[in-house]
Amino acid sequence: MQGLFSKREASMTGPMIRIAPSLLSADFAKLGSEIRALDESGADWIHIDIMDGHFVPNITIGPGVVRALRPVTNLPFDVHLMAAPVDNLIPRFAEAGADLITVHQEAGPHLHRSLQLIKSLGKKAGVSINPSTSAETLRFVMDSVDLILVMTVNPGFGGQSFIENQIEKIRTVKKMIVASERPIHLEVDGGVNRKNVAQITEAGADVIVAGTATFRGGPDCYRDNICQLRGA
Ligand code: DX5
Ligand code: ZN
């Protein structure tokens, strides 16, 4: 698949697995150097989890931190908004330097409007579904999205266990993407590790979010951890 980000992924074409480390497992006192280390260790995208203490119980960071981190790397910023309401936040993260903005299907009644807003700001648009949400809920936004994010844990925290029955959903979403004939990425987020990643990519995922599995062992291990996830 052609890379989403023509400038930032100029050389990336063809079917490949992209590894998107989740900053949630980084050392929050050193976010700049953590991103630099991920960049030097072969990460493809930086996955940034935004939690509002309302849609999910946890709270993470706001647009000011994303803006401060933007000059640190040229890697695409993949911003996962776990927030409701969400439309008020979209322009702020777009301005802060997000390349791709993902909203939750469950965040409100006007998903189509949220996706149009992201597009109108010149950003790639993603939609995420929680473990209890059916793939069928995405049927009428297939023409509006650049990425579908299947949550394989309940959003809110890193370090949870992969929910096995989501493999069937990944397969279903993959079929929907093929049928759409559009270049939509299929991203999987939550509980991914070196043992289950092959099963996840075989089911159709092409973007792998990994928090715990990327950061284990500290910066000296990031390269090996990313290589193992990529199946290299
Ligand atoms: C969970 C977040 C994930 C999380 C993944 O709500 O969306 O991105 O950080 O962490 P691991 O890989 O540890 O499950
Ligand atoms: Zn996430």
Side-chain angles (χ1 to χ4, degrees), residues 17-28 31 34-35 38 41 43-62 65-66 69 75-84 86 89-90 93 98-107 118 124-133 145-167 169-170 173 185-201 205-218 221-222 224-226 228-230:
I17 302 299
R18 289 171 175 83
I19 306 297
S22 161
L23 280 193
L24 197 57
S25 295
D27 181 343
F28 271 44
L31 284 177
E34 290 278 57
I35 289 181
L38 294 170
S41 303
D44 297 300
W45 298 356
I46 302 294
H47 184 83
I48 306 179
D49 289 304
I50 308 299
M51 303 185 183
D52 68 347
H54 172 69
F55 180 70
V56 290
N58 203 358
I59 298 177
T60 55
I61 60 172
V65 176
V66 174
L69 294 171
L75 293 179
F77 276 2
D78 167 30
V79 173
H80 178 192
L81 295 180
M82 285 160 275
V86 71
L89 296 179
I90 290 169
F93 283 96
D99 295 283
L100 185 143
I101 298 178
T102 295
V103 295
H104 267 261
Q105 186 275 348
E106 305 86 357
I118 297 169
K124 301 294 180 187
V127 61
S128 179
I129 46 176
N130 283 334
S132 61
T133 301
V145 294
D146 301 296
L147 176 142
I148 295 171
L149 168 51
V150 175
M151 285 304 303
T152 45
V153 298
N154 289 297
F157 302 96
Q160 302 180 77
S161 296
F162 184 85
I163 300 172
E164 289 292 336
N165 67 10
Q166 299 302 300
I167 289 287
K169 191 194 291 180
I170 297 166
V173 171
H185 282 293
L186 175 44
E187 183 173 47
V188 169
D189 184 3
V192 182
N193 56 47
R194 66 180 85 172
K195 290 188 184 140
N196 61 18
V197 67
Q199 185 192 13
I200 293 163
T201 54
D206 65 284
V207 185
I208 296 295
V209 177
T212 308
T214 301
F215 286 88
R216 63 203 292 266
C221 301
Y222 295 169
D224 279 356
N225 293 344
I226 289 169
Q228 279 174 6
L229 287 166
R230 208 192 292 285

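If you read the sequence from its start, that first residue is 1, and numbering goes on from there. Indexing begins at 1, ligand by ligand and atom by atom, following the structure's order.
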Sub-3.5 Å pairs, protein N or O with ligand 1 N or O:
residue  : atom   : partner : partner atom : Å
ligand 1 : 6 (O)  : Gly156  : N            : 2.8
ligand 1 : 7 (O)  : Asp49   : OD1          : 3.0
ligand 1 : 7 (O)  : His80   : ND1          : 3.4
ligand 1 : 7 (O)  : Asp189  : OD2          : 2.9
ligand 1 : 8 (O)  : Asp49   : OD1          : 3.2
ligand 1 : 8 (O)  : Asp49   : OD2          : 2.8
ligand 1 : 8 (O)  : Asp189  : OD1          : 2.7
ligand 1 : 8 (O)  : Asp189  : OD2          : 3.1
ligand 1 : 9 (O)  : Ser22   : OG           : 2.9
ligand 1 : 9 (O)  : Asp49   : OD2          : 3.3
ligand 1 : 12 (O) : Gly211  : N            : 2.8
ligand 1 : 13 (O) : Gly159  : N            : 2.9
ligand 1 : 13 (O) : Thr212  : N            : 3.1
ligand 1 : 13 (O) : Thr212  : OG1          : 2.5
ligand 1 : 14 (O) : Gly191  : N            : 2.8

Determine yes or no for a side-chain-to-main-chain donor-acceptor pair under 3.5 angstrom, with Thr102 supplying the side chain and Ser128 the backbone.
no
Has the side chain of Asn193 got a donor or acceptor atom that lies under 3.5 Å from a matching backbone atom of Lys195?
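Indeed, once roles are kept as given, a pair shorter than 3.5 Å links the two residues.
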Ignoring hydrogens and angles, write down the donor-acceptor pairs under 3.5 Å from the side chains of residues 210-217, residues two or more places apart or on other chains.
residue : atom : partner : partner atom : Å
Thr212  : OG1  : Gly159  : N            : 3.4
Thr214  : OG1  : Ala210  : O            : 2.8

Determine whether the side chains of Ser22 and Asp49 contain a donor N or O and an acceptor N or O closer than 3.5 Å.
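Side chains of Ser22 and Asp49: pair found under 3.5 Å.
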Could you check whether Asp78 and His80, counting side-chain N and O atoms only, form a donor-acceptor pair closer than 3.5 Å?
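The criterion, which ignores hydrogens and geometry beyond distance, is not satisfied for Asp78 and His80.
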Show the numbers, then the answer: is there a side-chain hydrogen bond (donor to acceptor under 3.5 Å, both in side chains) between His104 and Glu106?
CA-CA 5 Å; His104 267 261; Glu106 305 86 357; 2.9 Å; yes
How would you list, by chain and number, every residue that makes a salt bridge (charged side-chain N to carboxylate O under 4.0 Å, His left out) with Asp224, sequence neighbours excluded?
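Counting only residues at least two positions away or on another chain, Asp224 forms no salt bridge (charged side-chain N to carboxylate O under 4.0 Å, His left out).
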Output for pair (Phe77 CZ, Leu23 CG), nearest 0.5 Å, gives 7.5 Å
Nearest 0.5 Å please: distance from the CD1 atom of Ile48 over to the CD1 atom of Ile61.
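Reported value, rounded in 0.5 Å steps: 5.5 Å.
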N, O or S atoms of the protein lying under 2.8 Å from the Zn ion (ligand 2)
His47 NE2, Asp49 OD1, His80 ND1, Asp189 OD2
